[in-house]
Structures are given as structure tokens and as C-alpha cells.
K.L.:
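First the structure, which I've put down as C-alpha cells, then a few questions once you've had a look.
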Protein chains: 2
Amino acid sequence: MSDSPPSLNPVQLGAYFDLIEVTSLLRHAVEQQLRETGDLSYVQFQLLARLGDSPTGSHRMTDLADGVVYSRSGLTYQVSLLEKEGLVVRAPSPDDERGVTVTLTGAGRALLAKVLPGHVEVVRSLLFAPLASEDVETLAGLLAPVRDHMRSAPPRSAAPRRRKGGA
Amino acid sequence: MSDSPPSLNPVQLGAYFDLIEVTSLLRHAVEQQLRETGDLSYVQFQLLARLGDSPTGSHRMTDLADGVVYSRSGLTYQVSLLEKEGLVVRAPSPDDERGVTVTLTGAGRALLAKVLPGHVEVVRSLLFAPLASEDVETLAGLLAPVRDHMRSAPPRSAAPRRRKGGA
DNA sequence: TATTGTTATACTCTATAACTATA
DNA sequence: TATAGTTATAGAGTATAACAATA
């Protein structure tokens with residue numbers, strides 16, 4: 001009962017709220033830009049961007065699912081949409097017949113290129129504008145360990161069951 | 001098209017990606033906890049929490065809409081759900097007959113109390129665990145100006161200098 | 001038997017537009 | 001006319017579970 005403090009301290013609370021609000025607003029703005037410029041949802045953009053980052057322009061479904069956080073069926077749905085638009089192609093993986101390799105098409109790459117500058121501009125003007133470059137470094141330095149920590153403690157086990165003393 | 005640099009610098013890019021990933025994972029974990037513990041969506045929790053913060057336990061619809069980013073109809077929808085569950089009550093605002101005042105019920109307050117410790121625990125274990133307390137202060141200090149900046153530059157005008165004829 | 005991916009389905013959420021009523 | 005809120009509706013997105021094919 002008393003092993004779980006009822007609240008975060010004020011600084012933590014502020015940081016948490018601001019984090020939520022900042023990313024919520026940023027996300028909103030970015031989604032609007034992506035929708036207007038390329039008729040893409042954020043998830044779709046993330047998928048294209050991830051493929052674009054790859055030297056081969058392709059990834060297996062599983063890899064994509066790992067990167068973007070949701071279910072396999074959701075991924076299939078989104079990739080189907082992208083394929084319908086001609087932005088990606090699906091083909092059986094050469095090494096593993098069960099697998100499916102998704103590859104960015106020329107059109108996909110073009111759309112990515114079309115959308116990217118505006119995307120960057122939104123992020124810069126909203127997120128980075130009020131920060132000095134050393135602030136950005138500091139921020140990056142703070143977020144990296146958090147990200148690593150979260151990755152190693154996956155959301156599946158979301159609510160650590162009162163790990164003290166055990167219930 | 002040449003006035004907009006094609007990319008952010010690597011540090012900015014890292015900070016941006018980590019920010020997105022961190023909040024995405026955090027959100028996921030928190031939503032799961034809220035769903036399991038109180039059958040609440042994150043938005044619903046935010047609404048209850050906002051009401052709980054108020055000394056009177058109530059807010060006008062407009063105030064709630066300002067805090068949570070959605071459309072008015074979306075807010076009406078969510079508040080209707082909460083009312084159906086007996087967590088809030090709606091009544092005409094005393095001062096302005098057009099307005100509606102939403103008030104937290106005892107059940108709403110109880111649910112909030114039931115859900116809060118686990119919520120806090122998730123945030124602490126996922127977000128704050130890897131950070132020293134001075135790191136948290138630094139983080140808060142960085143996010144506050146960004147939040148202020150974003151608030152003053154609302155998402156409606158998301159993409160600065162955007163073309164006409166979109167949408 | 002475990003893994004990869006798809007399908008079918010059901011449900012939640014969100015936005016737009018039309019509408020009512022008060023200011 | 002402008003503002004506060006609701007309703008109707010329509011569409012997108014997501015998760016779950018059952019399924020087929022390969023390892």
C-alpha cells in the first residue's frame with residue numbers, strides 16, 4: 001500500500017507533462033504537414049523513412065514491426081496501403097521463404113524527398129527554434145539513455161507489478 | 001524549394017528520433033496500464049486528471065478543449081463516455097447559459113485515485129529511472145521553453161509558408 | 001512446434017459539417 | 001453575428017484471433 005508513492009515530485013511532474021504536451025503538439029503539426037504535402041500518415045511516413053534509411057531500400061516485415069511499435073496486422077495493413085499507392089513493393093525474402101521483404105520504389109523515394117524538407121522545417125521551427133545548439137546536445141544526451149532503458153524494458157510488461165516486495 | 005535545408009544535423013536528428021521513440025513507448029506503456037487498471041484511454045485519463053486538478057473538480061468544456069488538443073465534437077464524445085460511466089456530470093454553466101460545466105463525481109475521483117499510483121509508477125520506472133535528479137531538472141528546463149514556444153506558435157499554422165490549394 | 005505474415009472482424013477514436021441555443 | 005456545445009456521419013487506424021505456409 002505504502003510502497004508506491006502517490007506522486008512524482010514537482011520537477012518530474014513538470015518534465016513529464018511538458019514532454020507529453022510538446023510531443024503531442026509536434027506530432028500534430030508534423031501529421032498535418034505530411035497529410036497536406038504527401039497524403040501520408042505519420043506511421044506511413046515512418047515506414048517510408050525507415051526504408052529510405054536502409055542502403056538497399058528494403059526491410060523485412062519483422063524489422064519494420066520492431067521499429068514501429070504496433071501489431072503485425074497493423075503493419076500489414078499500412079504496408080498494403082503503401083503498396084497500393086505504388087510507394088513500396090513486397091516480395092518473398094530470398095533467404096527465408098516465410099519472410100516478406102518490403103522495398104521502396106522510385107515513387108516512394110520521390111515522395112519521401114518531396115515530403116522531407118517540409119517535415120524538417122516543421123521540426124526545426126517548432127522543436128529546435130527555441131533551443132541553442134548546446135541545448136540540443138544536452139537534450140540528445142538525456143534522451144538517449146532513456147530510450148535505451150525503455151528498449152530494454154519493453155512495453156509488454158508495461159506495469160511493473162510493484163516490483164518491491166512483490167504483490 | 002531551395003530555402004529549406006534538406007536535413008537536420010545529426011544531433012538534432014538523434015534528439016528528434018529519440019524524443020518520438022521515447023514518448024511513443026511511454027505512451028504505449030501508460031495506455032496499457034490505464035486500460036488494465038481503470039479501463040480508461042489516455043485522453044479520458046487526461047480529462048479526469050485535469051478535472052481532479054481543479055479545486056472545484058470542474059471545468060467548462062471549452063477549458064477542457066484547450067488543454068486536450070482535440071476537436072469539440074471529440075471532446076463531447078469523450079465526456080459523454082465518461083458521463084455514461086458515472087465519472088463526471090454535466091450541467092449548464094451558471095454564468096453563461098451557453099456553456100456546460102463538467103464536474104468530477106465521487107466515482108470519478110475514486111477511479112482517478114485507483115489509477116494514479118500505477119500511472120506514476122510506469123512513468124517513474126520508464127522515464128525517470130535512468131535519470132539523475134539533476135538530469136530531470138535539466139530536462140524540465142529544456143522542455144519548458146519549447147512548450148512555451150509551441151503554444152505561441154499553434155499547430156494550425158504548422159508548416160510556415162505553406163502553399164495554397166492543399167487540403 | 002515455432003515463426004512469418006495475412007485476413008476477417010470488431011471496435012475506438014477523430015474530424016467535418018450541420019444544427020440548436022445563447023450572447 | 002459570434003460563440004458554446006451537440007449530433008450525425010464517415011473514415012482511418014488498431015488489436016485480436018484464426019489461418020496458411022515455411023523453418
Side-chain angles (χ1 to χ4, degrees), chain A residues 24-25 27-32 34-36 38-47 58-85 88-103 154-156 158, chain B residues 24-25 27-36 38-47 58-85 88-103 155-156 158 166-167:
Chain A
S24 180
L25 291 171
R27 180 84 169 233
H28 236 257
V30 159
E31 282 183 341
Q32 185 171 330
L34 289 173
R35 185 62 71 189
E36 286 175 0
D39 196 36
L40 288 173
S41 70
Y42 193 67
V43 180
Q44 289 161 359
F45 169 74
Q46 280 183 306
L47 293 174
S58 51
H59 272 304
R60 292 201 27 187
M61 291 292 283
T62 301
D63 302 335
L64 288 175
D66 285 350
V68 188
V69 192
Y70 53 51
S71 62
R72 285 172 187 266
S73 66
L75 180 62
T76 296
Y77 170 72
Q78 292 295 346
V79 170
S80 298
L81 291 184
L82 293 177
E83 189 173 40
K84 203 175 299 174
E85 301 287 328
V88 304
V89 186
R90 274 184 289 193
S93 297
D95 50 315
D96 186 339
E97 279 294 323
R98 296 172 303 183
V100 165
T101 298
V102 185
T103 305
R156 298 58 154 114
Chain B
S24 180
L25 291 170
R27 179 84 169 233
H28 236 257
V30 160
E31 282 182 344
Q32 186 171 329
Q33 184 270 331
L34 290 173
R35 185 63 70 189
E36 285 174 0
D39 196 36
L40 288 174
S41 71
Y42 192 68
V43 181
Q44 289 161 359
F45 169 74
Q46 281 183 305
L47 293 174
S58 52
H59 272 303
R60 291 198 33 185
M61 291 291 283
T62 300
D63 302 334
L64 289 175
D66 284 350
V68 189
V69 194
Y70 306 106
S71 60
R72 288 178 183 266
S73 67
L75 179 62
T76 296
Y77 170 72
Q78 292 296 346
V79 170
S80 299
L81 291 183
L82 293 177
E83 190 173 38
K84 202 175 301 173
E85 301 287 329
V88 304
V89 185
R90 274 183 290 192
S93 297
D95 50 316
D96 186 339
E97 280 294 322
R98 296 172 304 182
V100 166
T101 297
V102 184
T103 305
R156 298 51 161 106

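What you see is a predicted model, and the numbers here were worked out from it, not measured in a lab. The sequence lines fix the lettering, A, B, ..., with proteins before strands; numbering per chain opens at 1.
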K.L.:
When you look at B:Leu47 and B:Leu64, which way does the side-chain contact (heavy atoms from CB on, under 4.5 Å) test go after all the steps?
P.N.:
CA-CA 7 Å; B:Leu47 293 174; B:Leu64 289 175; 4.2 Å; yes
K.L.:
In B/S/- notation, 5' to 3', how is nucleotides 17-23 of chain C contacted by protein heavy atoms closer than 4.0 Å?
P.N.:
-----BS
K.L.:
I need the NZ-P distance between B:Lys84 and D:dT7, as an integer number of Å.
P.N.:
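Distance check: B:Lys84 NZ to D:dT7 P gives 10 Å.
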K.L.:
Rounded to whole Å, please give me the gap between CG in A:Leu75 and P in D:dT16.
P.N.:
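Distance, rounded to whole Å: 15 Å.
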K.L.:
Nearest whole angstrom, please: distance from the C1' of C:dT6 to the CG of A:Leu64.
P.N.:
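Result: 15 Å.
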K.L.:
Would you check if A:Val89 and A:Val102 make a side-chain contact, meaning some heavy-atom pair closer than 4.5 Å?
P.N.:
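No, too far: nothing below the 4.5 Å cut-off.
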K.L.:
Using side-chain heavy atoms (C-beta onward) and a distance below 4.5 Å, is A:Leu40 in contact with A:Arg35?
P.N.:
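Of all side-chain heavy-atom pairs linking A:Arg35 with A:Leu40, none is under 4.5 Å.
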K.L.:
Please list each protein N or O that sits under 3.5 Å from an N or O in nucleotides 11-13 of chain C, with the distance.
P.N.:
unit_1, atom_1, unit_2, atom_2, d
C:dC13, OP1, B:Arg35, NH2, 3.4

K.L.:
What is the bend of the helix from C:dT1-D:dA23 to C:dA23-D:dT1 when you compare the axis at one end with the axis at the other, using five pairs each and rounding to 10°?
P.N.:
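Inter-axis angle at the ends, rounded: 0°.
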K.L.:
Please list, chain by chain and in numerical order, all residues satisfying side-chain hydrogen bond (donor to acceptor under 3.5 Å, both in side chains) with B:Gln78, sequence neighbours excluded.
P.N.:
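Scan of B:Gln78 (side-chain hydrogen bond (donor to acceptor under 3.5 Å, both in side chains), adjacent residues dropped) gives B:Gln44.
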K.L.:
If we ignore angles and hydrogens, is there a donor and acceptor under 3.5 Å between the side chains of B:Arg90 and B:Thr103?
P.N.:
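Checked: B:Arg90/B:Thr103 side chains show no N/O donor-acceptor pair below 3.5 Å.
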K.L.:
Where is the tightest heavy-atom contact between A:Arg60 and A:Gly99, given as atom of each residue plus distance?
P.N.:
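Between these two residues, the closest heavy atoms are NH2-CA, 3.6 Å.
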K.L.:
Applying ring-ring contact (aromatic ring centres under 6.0 Å, His included), name anything that partners A:Phe45, two or more places apart in sequence or on another chain.
P.N.:
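Listed in chain order: A:His119.
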K.L.:
With respect to the side chain of A:Arg90, which nucleotide from C:dT4, C:dT16, C:dT6 is positioned closest?
P.N.:
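Among the listed nucleotides, the one closest to the side chain of A:Arg90 is C:dT6.
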K.L.:
Find the distance B:Glu83:CD to D:dT6:C1' and express it as a whole number of Å.
P.N.:
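Result: 12 Å.
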K.L.:
Given atom CZ of A:Arg60 and atom P of C:dT3, what is their separation to the nearest angstrom?
P.N.:
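Taking CZ of A:Arg60 and P of C:dT3, I get 13 Å after rounding.
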K.L.:
To the nearest angstrom, how far is B:Glu31 atom CD from D:dA15 atom C1'?
P.N.:
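Value for this atom pair: 13 Å.
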K.L.:
Name all residues meeting the side-chain contact (heavy atoms from CB on, under 4.5 Å) criterion together with A:Arg98; count only those two or more places apart in sequence or in a different chain, and write none if there are none.
P.N.:
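side-chain contact (heavy atoms from CB on, under 4.5 Å) check on A:Arg98 returns A:Asp96.
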K.L.:
Phosphate oxygens OP1/OP2 of C:dT4: is one of them under 4.0 Å from a side-chain N or O of A:Arg72?
P.N.:
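Yes, such a contact exists.
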K.L.:
Could you state the CE-C1' distance from B:Met61 to D:dT7, rounded to the nearest angstrom?
P.N.:
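Going from B:Met61 (CE) to D:dT7 (C1'), I get 12 Å.
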K.L.:
Take A:Ser58 and A:Thr101 through the side-chain hydrogen bond (donor to acceptor under 3.5 Å, both in side chains) test and state the conclusion after the steps.
P.N.:
CA-CA 6 Å; A:Ser58 51; A:Thr101 298; over 6 Å; no
K.L.:
Check this for me, if you would: do A:Arg27 and A:Glu31 make a salt bridge, where the nitrogen-to-carboxylate-oxygen distance has to be below 4.0 angstrom?
P.N.:
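Yes, charged N to carboxylate O under 4.0 Å.
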K.L.:
Are side-chain heavy atoms of A:Glu85 and A:Asp39 found at a separation under 4.5 Å?
P.N.:
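Side-chain contact under 4.5 Å: no.
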